[in-house]
Amino acid sequence: MHHITQKIIQAAGQVILGKEQQIRLALACILARGHLLIEDLPGMGKTTLAHTLAQVLGLDFRRIQFTSDLLPADILGVSVYDRNNSVFKFHPGPVFTNVLLADEVNRATPKTQSALLEVMEEGQVTLEGETRPLPKPFFVIATQNPTHHIGTFPLPESQLDRFLMRIQLGYPDADSERSLLKSNGGRGSISGLQACVDGRQLLELQQAVDAIHISDALLDYLQALLNYTRNSPRYTAGLSPRAGLALKQCAQAWAMMQGRDFALPEDVQAVLPGVAGHRLQTASGTDMHDVAAELLAAVTIP
Amino acid sequence: MIPAIQRPTLTDIRWLLVSLGLVMALHVAHLALWVSAAIVMLGLWRYAIAIGKLDFPRLMILLPLTVLGGLGIMLTYHGLFGRDASVALLVIMLSLKLMETNSRRDFMLLTFLSYFLTTTAFLFNQSVVVGLVMLLPIICLTATLVGISHPNGSLGWRHPLRLSGIMLAQAAPVMLALFLLFPRVPGPLWGVPQDSYRGMTGLSDSMEPGNISQLSLSGAIAFRAEFKGEIPKLSQLYWRGPVLWHFDGRSWRMSSNRLNLPREMLRVQGAPTLYSVTLEPHNRNILLMLDMPTSLPSNALLTRDYQVQSREPVRTRIRYDVSSNLNYTLAARLDGHERELALQTIDGENPRAQALAEQWVSSGKSPEQIVQTALTMFREQPFSYTLSPPLLGANPIDDFLFNTRSGFCEHYASSFTYLMRAAGIPARVVTGYQGGEVNSVGNYLIVRQSDAHAWSEVWLEGRGWTRVDPTAAVSPLRIESGIAAALPESNALPILSRRDFPLLRKLYLSWDAVNNNWNQWVLGYDQQRQLDLLSRLAGNRLSWQDLTIGMMLAVGVIGLAIGLAMLRGKQIKTDKLQRLYAKFLSKLESAGIKRASHEGPLDFGQRAAARLPHKAQAISQISGLYADLRYGSKASAQALERLRNLIKGFKAS
């Protein structure tokens, strides 16, 4: 398992230069069966990352560019009357895929956002009384501009919670930037990437994540973290039980990627910024990495 | 959360079998042969199952075996109750239970039952040796429990043994405190059922040729005596037992109930001898005291002829502090009925003895002179003292006096008393013990069954009942130095009453002193002694009610303390692994590398390794192993041991 994930990361790293940590987090999120939210300024390589991941994982990939006039039907699909056969025929939307890239998800109206988030939660589409399952695996990689940009509808906390992880890409370091500038922006090479796994193997990897051992000592630590966010006056609201589960699953995935069959506090710490950053509201409104770092520093490993 | 514990492993089964073997070994001496054989068979069977050679027997096989075992016990021991039968039943059922033992719960059950079975060995023998030997199965059983209880299965041999030893050592002070302080009920420490009194040796209510010499072959201890002050000379130590009046031609018996008669008049001179006797159980009412008792054990009775008796047969070791006076005059006057009893002979039997006595009387000798004449006869004619006298014919007294002339004390006492009676001098036989062996190590006297003795008392006008020991005339050594000195080499005496092998004797005497202390302070630690001890400690007189209240208070306080400790323990949960890791951390801290409270073990290991590059390998090894043990799923005792060694050998500088 370990070497497969290693291969995936390496392959993705050929396209996304100098962002290994982000690739790892994104992969951990996918292995933990979660949806990923990438938040950053335009042009930082959000879409490239999503596309690359889909490519190396050997998955079917669709992309929707969210705009303010996008309607739910544009995502889910629509039934059209077939004149020849005198029946309504369902035309599946772009959501019927393995990897759905929802670009600039915060530019759509709340109604459309909700439609997407419902699909994310349930893994199936229900239209006109008929339920259609989505292919497996299915996950959404949504990208989002920082919320203070013009013309955005920020996702409410309740919906942010649906994303297992939120990551930020940030500017590349000098070396990576140099390589990027030398090449043609990297995007051209995505189509040349070899898939490292197929859908079935990915499902197996996801199952292997569930088997990673979580000791009582680690659960103690997880609970200590959750309790701290709930009791500390620094946060307007503590982490939800769903966040706790998310933390555990991501730590398991991270541990697997490290080649271990049990999770360590280090694993929790590694995934915590991604998992807790978008779920925790600080009273002072600090940056998500600072929030996570503060939280980690405040809680003793039991 | 209780960790999931696997089924007992092969090692656990080996432990259990070894422990059971040791427990059963304690009992082998008093089990029927077929029971021991059955245990061995069942043990081997279970082992064959454990290594996969055989399957567990089905109920169809097990059930008949169980019934058979029960029936076997019933037939062998004539019932299911009583000490021997119950222990045998427990042993066989325990072994059968082994046949269906496969879960942890069963293992626990067997182990706890085995603890109980171990203690039942005390029902048979309560000596120090048994107590010490018992430690072995107890340690093994505890080690078995350690093995079974360990969440990570197989532990090997050394670790459980060590842990068990430590645990038992820790329990020792508690045990001692409970032993000393737990309120005692009156009664012996080890009350045992009736059937355990079979085969006790000791004096009996009658005397016939051969029964005292038989007793002399036993090296068993009859009693031990401690004197306040000097131990009197051995030749003065006549321990008075049954007084025999009635002669039926062969054996001497006690006269009918002499308890309700007024006591013979006793006049004493000089200071009494104070001493205490620790009497081994012999299942009779006889209590032994020196001639003549002046103060009695509590609850004892005194017959008219000064035998001391207990109300109940002596079935447990008892101890009494008493006094006697070795200088005395007994019964200056004799009433007619008693004179008649004391002159009883059998007409027509032993004619030659009768004739001899009549000849003495007719030659005009006074009673004192007749006594001396008889003793002179024993001394000067070729009488010999032997443990194996020839059998006597129809007139045993005649046969002995004129033919065989070799006998043991009962022959001399018997024939002398008979002669006196025939000569018209009231006489009676007294049995008891004579002398004893001084244990110079503990400064007390050991009196064995081999010191059993018989002598005569004759009633002389003006002097009352006077002790005459005809054996002393034949073999003065017997009285002055004890039986071993008096008998020729060829006579088989128990090895421990013999005089050779001085080193062995010295060892033996030290050992007996240990036993005596054990008897006095452990087995003899009864309610009275407990109260005495605690009163001395407390400075004032305590009652058992005080003890009970104290006990309840102590239990309350200790329970509270344990409860508080457990509550606190929830907050700072430091198990063994955490303590080990803390040791490692403190070693690094002394090198200036401190772990932040939120730092995971691997992260910290990396940081520390970077700071101490030459120790990097050890640090990462320890960190990795710790992470494995603490967060991994396959923690094992061996890994913990390895971590302990790594950390022990780790030096930060």
Side-chain angles (χ1 to χ4, degrees), chain A residues 1-2 21 24 208-229 231-232 234 247-248 250-273 276 289-302, chain B residues 1-6 150-153 568-582 584-586 588-589 593-610 619-637 639-640 643:
Chain A
M1 299 294 165
H2 172 220
Q21 180 70 8
R24 283 176 175 279
V209 165
D210 294 339
I212 297 293
H213 178 72
I214 296 278
S215 61
D216 287 341
L218 193 71
L219 290 178
D220 287 345
Y221 181 49
L222 281 175
Q223 283 190 299
L225 286 169
L226 296 178
N227 283 334
Y228 181 79
T229 63
N231 298 330
S232 166
R234 202 181 313 198
L247 205 49
K248 187 193 102 172
C250 289
Q252 281 175 309
W254 193 263
M256 192 187 79
M257 288 164 60
Q258 303 293 319
R260 268 186 271 105
D261 62 354
F262 57 91
L264 284 179
E266 279 91 335
D267 301 325
V268 176
Q269 292 175 348
V271 298
L272 186 103
H289 277 285
D290 298 342
V291 173
E294 262 176 35
L295 170 58
L296 288 178
V299 178
T300 303
I301 297 175
Chain B
M1 196 173 95
I2 299 161
I5 294 180
Q6 304 100 317
H150 201 279
N152 299 312
R568 271 169 50 89
K570 270 228 165 94
Q571 287 155 15
I572 30 167
K573 203 163 99 192
T574 48
D575 57 11
K576 199 183 238 171
L577 177 64
Q578 294 293 78
R579 282 202 301 277
L580 270 178
Y581 190 59
F584 171 65
L585 291 182
S586 76
L588 280 174
E589 201 173 330
I593 307 167
K594 192 173 173 349
R595 171 179 170 254
S597 69
H598 62 271
E599 216 168 0
L602 293 189
D603 283 353
F604 174 66
Q606 257 172 20
R607 191 163 66 86
I619 292 175
S620 73
Q621 212 179 352
I622 290 172
S623 302
L625 196 52
Y626 167 73
D628 255 10
L629 283 168
R630 180 133 171 86
Y631 299 104
S633 54
K634 294 186 284 286
S636 71
L640 187 64
L643 181 66

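Any value given below was found using the heavy atoms of this structure, including those in side chains, with hydrogens, waters and symmetry copies removed. We name chains A, B, ... by the order of the sequence lines, and we start the count at 1 in each one.
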Which atoms form the tightest heavy-atom contact between [X] and [Y], and what is the distance?
| X | Y | value |
| --- | --- | --- |
| B:H598 | A:V299 | CB-O, 3.3 Å |
| B:P601 | A:E266 | N-OE2, 3.0 Å |
| B:Y631 | A:A263 | CB-O, 3.4 Å |
| A:R260 | B:L602 | NE-CD1, 4.0 Å |

Check the pair A:I301, B:R630 against side chain to side chain contact (heavy atoms under 4.5 Å, CB included), reporting the backbone distance first and the verdict last.
CA-CA 12 Å; A:I301 297 175; B:R630 180 133 171 86; 6.0 Å; no
Atom group of A:A255 that falls short of 4.5 Å from chain B, counting heavy atoms
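Contact with chain B: none, neither part.
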Proximity breakdown for B:A627 and chain A, heavy-atom pairs closer than 4.5 Å
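B:A627 touches chain A through backbone and side-chain heavy atoms alike.
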Pairwise distance CG(B:D628) to OG(A:S215) - rounded to 0.5 angstrom:
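It is 11.0 Å, given to the nearest 0.5 Å.
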